[in-house]
Amino acid sequence: MNKSDSEIIAGLLTEEGLYSELADPNLADILIFNSCAIRENAENRVFNRMQEFNHKRKKKSSNQIIVLAGCIPQYEKENILKKYPFINLIIGPNTFEFLPQLLSQVNSQSALHLAEKKNTNFVSKTILRTSNDQAWIPIMYGCDNFCSYCIVPYTRGREASRKKEDIFKEIEQLKDTKYSKIMLLGQNVNSYGKNLYDNYDFADLITDIQKLDHIRTIDFLTSHPKDMTSKLILTLANNSKVGREIHFPLQAGDDEILKAMNRHYTYAQYKALVEEIRKHIPNAYISTDLIVGFPGETEEQFQNSIKAVKELSFYRVISSAYSPRKGTVAASMPNQIDKEEKHRRLLLLQGTISKFAFAQKK
Ligand code: SAH
Ligand code: SF4
């Protein structure tokens, strides 16, 4: 989603004649850092880089403008102005369309622009796509799931689907370009259409996109297991344009941890869904995300995640150590696990992944 946002920002600035490609960011008049707040590491990295550039800017007494965009400002709110007064403009993930206008008003005082909700009616005229052959298309914004560890619902706001006409307008723009593959994006694509249509869901959207001659492959990120339906599985199975790697985040292999994470499924339900997908789509490559060291996770509960990796032959597993995000329910749970222990579990899990996942070859 961040990559897609960056392409949209670059497109908006191109329309205003404010963007051209440079090999060296030090030579840029405007530096935009599009930030991620999902884990503490991502946050530290962007601050280090910004400070590095600010230091160089001071040394050269240059007028370079530094912009911090994305989820970190929405997470930190007013604190960010106090912490990093050198940033010229700070803009959350829901207000990108105002960036060109705001850039023209930048002065020495830093300014903060946040919004709780994204304008779902915004359709980009120009998107500066960076991928070689796959076009990213957001189909919905925000998230309503409030997994107890996750900051996304607080930074990107409530879930809202884009109108199908707007999505089709953006896909139409890909005609006669090199993009015949698309990646549909949303925090939970399986609930596409909720609160917008009574009778049109993600499966219907896929069926309609599949009819377009200029689209050869349709992929999507991310589908939540609690909203995976038999209708969707059959739609995917019967649609030769749908890519066969399905990202299907499990997060933990233990039922108590899944409950504490507020994921709304058990390991057995998840496993049954994987089996159903594999039954109907024998060549499906199922990939997943796992978090280790969630508050209170015992050795035995952690071993259930290891067991899941051994049992389910994932194609790809993205593993991370739990990172407390202030304001989320999990951050104030008792029995937080210390960094060394989380790291030990992460290494053990990654060892298992390298032995048991990637077992299937494309
Ligand atoms: N909407 C997607 C996930 C978006 S976040 C979904 O539900 O699958 C991408 C991944 O980051 C998550 O799947 C999760 O594994 C990880 N993640 C999110 N918050 C985290 C945290 N606080 N600590 C560690 N990993 C986290
Ligand atoms: Fe975060 Fe859960 Fe929403 Fe994914 S579904 S973005 S993990 S709250």
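Both counts, for ligands and for their atoms, begin at 1 and track the order of listing. All values reported here derive from a predicted model rather than from experimental measurement.
In this structure, Ile233 is a member of the same hydrophobic cluster as Ile246, with clusters built from ILVMFWY side-chain heavy atoms closer than 4.5 Å. No continuous path of hydrophobic side-chain contacts links Ile318 to Leu349 [ILVMFWY only; heavy atoms under 4.5 Å]. Both Leu312 and Leu348 belong to a common hydrophobic cluster when Ile, Leu, Val, Met, Phe, Trp and Tyr are linked at side-chain heavy-atom distances under 4.5 angstrom.
Less than 4.0 angstrom separates some heavy atom of Arg263 from each of these atoms of ligand 2: 2 (Fe), 7 (S).
Among residue pairs with one or both ends in residues 12-23, those qualifying as side chain to side chain donor-acceptor pair (under 3.5 Å) are Glu15-Thr126; sequence neighbours excluded. Sorted by first and then second residue, the salt bridge (charged side-chain N to carboxylate O under 4.0 Å, His left out) pairs with a member in residues 132-144 read Asp133-Lys181, Asp144-Arg158; sequence neighbours excluded.
For a distance threshold of 2.8 Å, the protein N, O or S atoms nearer than that to atom 3 (Fe) of ligand 2, listed by chain and number, are Cys143 SG.
Between Tyr84 and Phe47, the ring centre distance stays below 6.0 Å. The aromatic ring centroids of Tyr315 and Tyr285 lie less than 6.0 Å from each other.
When heavy-atom distances to ligand 2 are checked against a 4.0 Å cut-off, Lys226 has no atom that comes that close, whether in backbone or side chain.
Annotation: ligand 1 has protein neighbours Ile38, Arg39, Tyr149, Gln187, Thr222, Pro249, Gln251, Arg263, Asp289, Ile291, Ser320, Ala321, Tyr322, Ser323, Arg325, each with a heavy atom less than 4.0 angstrom from the ligand.
In this structure, a donor-acceptor pair under 3.5 Å is absent between the side chains of Asn188 and Asn190. Side-chain contact check for Asp254 and Asn304: at least one donor-acceptor pair (N or O, by modelled atom type) lies under 3.5 Å. Glu256 and Gln301 share a side-chain donor-acceptor pair at under 3.5 Å.
The protein atom (non-hydrogen) at minimum distance from atom 7 (S) of ligand 2 is Tyr149 OH, 3.4 Å.
Around atom CG of Asn48, more than 12 heavy atoms belonging to other residues, nucleotides or ligands sit under 6.0 Å away.
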